[in-house]
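Scroll down for the structure; my scribbles are underneath it.
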Amino acid sequence: MTLLPRNKNLTEIPPPKPQGNQLFPVFLKLENLHTVLVGGGNVGLEKLTAMLQNSPGAAITVISKTFLPQIEALAANTPKLTIIQKAFADTDLDGADLAMAATDDAELNRYIRQSAHDRKLLVNVADKPELCDFYLGSIVQKGDLKIGISTNGKSPTVAKRLKEVLNEALPAELDTTLQQMSEIRNSLSGDFAYKVQELNRVTAVLIGGEKPPSNNNLKLVVWGTFVAFLVITITALWSKEPGFQAFVANINPLFYYFLGAGFIFAMIDGAIGMSYGVTSTTFSLSMGIPPASASMGVHLSEIMSNGIAGWMHYRMGNVNWKLFKLLLVPGIIGAVTGAYLLSSLEHYAQYTKPLVSFYTLILGFVILNKAINLNRKRTSGKIKNISLLGLGGGFIDAVGGGGWGSIVLSTLIAGGRHPRFSLGTVKLSRFFIALTSSLTFITMLNGKHWEAVAGLVIGSALASPIAARISNKISAKAIMFAVSVIVILISLRSIINFVLKLI
């Protein structure tokens, strides 16, 4: 082999340096590790909070001469968090798995780093990327989905801004998708290749691929039932009710009031998932409509509005089918029973009206309470007795002309159910409950006040497609405050007028 002489005039070219972020991301189970954090000030609090927010069961020892009150409060309420008030000694790292230096003393931080390396521990030194073995990145979390963001120590501020962007862009339903994918994966049988193929097919929808299978039978049932009911109802009323024919020929100006009211109430209901029944009933009572007729008008109008809204939520994938099945049959039974009882008392409207007003007053406070607690974190477990909730909700809804959304939806969300899926499920089930309630009312009543009924039906139907699409795009809190105040004031006015008549 012949060796070529080296040309000393040639400049040696060093190998290219790696480009970009060379960090290797990992997710640690801090509950199985012992972390020693040195520093009880603001920086230490920031590090401690980040760890506990992501791993509430983490075993952490904090060492410092002084502690912020917030750290002492965390220690009092966190079983595996220990604080030791003393100066740091290198023996404090004996038995540790991770070390963090978060003091305002640069020399002490370097000493902590050296003590950690002497024990072959990984260490993080606050605000000194060159001294760190690992970084604490910004975290985006949607249930079981967790995304870590790292700028290689260049700019924590950029990482925080990216966290805000992703938190806003990623829907909360991703966690529901993860749970469903876990169930699908556990149910698959066959070899590894088949499982991968099936999971790829199911998740193709996430990147705009094939659409998930649709339930064509459900479409036919919902729309077929809806159209058949409308045809039967209009035919029956035209042939049996002269008042209905007269209404068609000569539209009462009252129709336009209820047309506008139905549109506004349906928009509100679509935005916050409740209050159409209570607002419509309160408005109807204030316009002199008897309770049973008011409830009939509400439920007739809700057939179309909730049919459309339920269909839109179904198309957007907002329906929990297991929850839907548990609510449907008991809700129908309760609604038919309530409609029958209220219709039987139609001749005593002067007495039932204040009772219904009292009920709407209570619902007004329910909505107000929900508005106040809208952004508070729910800590209670999921409600278990869904069927009983549906039965009671259906009955009270028929008697009071509303409450299915205010009671059922509020209870589901307060019990830990996902807000958007609860909203979609309640809206779709409401279609069937309004349908059966209306059939009962039509059978029992003489068919009066059609100007109010028709106005609500058409107004709410016009608003429903729009309301379903904006349900997650506007602030619900202000609307709920306004609705609750209006309902409370009008209900109080009705009750006070009744009391004054008695006096």
Side-chain angles (χ1 to χ4, degrees), residues 218-219 221-223 225-226 229-230 262 265-281 294-316 318-339 363 366-367 386-387 389-413 417 419-441 453 456-457 459-461 463-468 471 483:
L218 177 69
K219 297 179 186 178
V221 170
V222 173
W223 287 106
T225 306
F226 172 58
F229 174 78
L230 282 183
F265 299 153
M267 287 291 290
I268 294 172
D269 185 80
I272 64 178
M274 64 177 67
S275 86
Y276 177 80
V278 61
T279 50
S280 298
T281 301
S295 186
M296 179 182 69
V298 168
H299 288 90
L300 276 172
S301 62
E302 284 184 329
I303 294 173
M304 183 174 287
S305 62
N306 282 278
I308 295 172
W311 170 252
M312 296 296 294
H313 281 290
Y314 163 72
R315 290 296 300 272
M316 292 185 289
N318 292 347
V319 179
N320 181 325
W321 294 109
K322 182 179 180 181
L323 183 63
F324 174 79
K325 294 175 183 177
L326 291 172
L327 284 173
L328 185 61
V329 175
I332 289 174
I333 295 173
V336 171
T337 305
L363 284 186
V366 169
I367 298 172
I386 302 296
S387 297
L389 175 65
L391 181 68
F395 178 82
I396 294 174
D397 178 83
V399 171
W404 179 261
S406 301
I407 295 175
V408 177
L409 182 61
S410 297
T411 304
L412 291 174
I413 295 176
R417 298 278 175 174
R420 186 178 298 177
F421 285 91
S422 296
L423 173 59
T425 305
V426 167
K427 295 299 286 186
L428 183 59
S429 61
R430 185 77 174 100
F431 164 77
F432 295 97
I433 288 166
L435 178 68
T436 52
S437 297
S438 299
L439 288 171
T440 306
F441 280 121
V453 173
L456 288 177
V457 169
S460 60
S464 294
I466 306 171
S471 61
V483 167

> Say you draw a straight line from CG of Leu327 to CD1 of Ile332; how long is it, rounded to the nearest 0.5 Å?
Replying inline: 11.0 Å
> Can you name the closest pair of heavy atoms from Asn320 and Thr425 and give their distance?
Replying inline: N-OG1, 2.9 Å
> Between Ala335 and Ile433, which heavy-atom pair has the shortest distance, and what is it?
Replying inline: CB-CG2, 3.6 Å
> Quick one: CH2 on Trp321 to CG on Leu428, what's the gap to the nearest 0.5 Å?
Replying inline: 5.0 Å
> What are the two closest heavy atoms between Gly393 and Val408, and how far apart are they?
Replying inline: CA-CG2, 4.0 Å
> So how far is it from Thr440 OG1 to Leu435 CG, rounded to the nearest 0.5 Å?
Replying inline: 9.5 Å
> Roughly how far apart are Leu326 CG and Leu389 CG, rounded to 0.5 Å?
Replying inline: 10.5 Å
>> Quick one, Phe432 with Val329, criterion side-chain contact (heavy atoms from CB on, under 4.5 Å). Give me CA distance, side-chain angles, the key distance, then yes/no.
In response: CA-CA 9 Å; Phe432 295 97; Val329 175; over 6 Å; no
> Is there a donor-acceptor contact under 3.5 Å from the side chain of Ser437 to the main chain of Ala339?
Replying inline: no
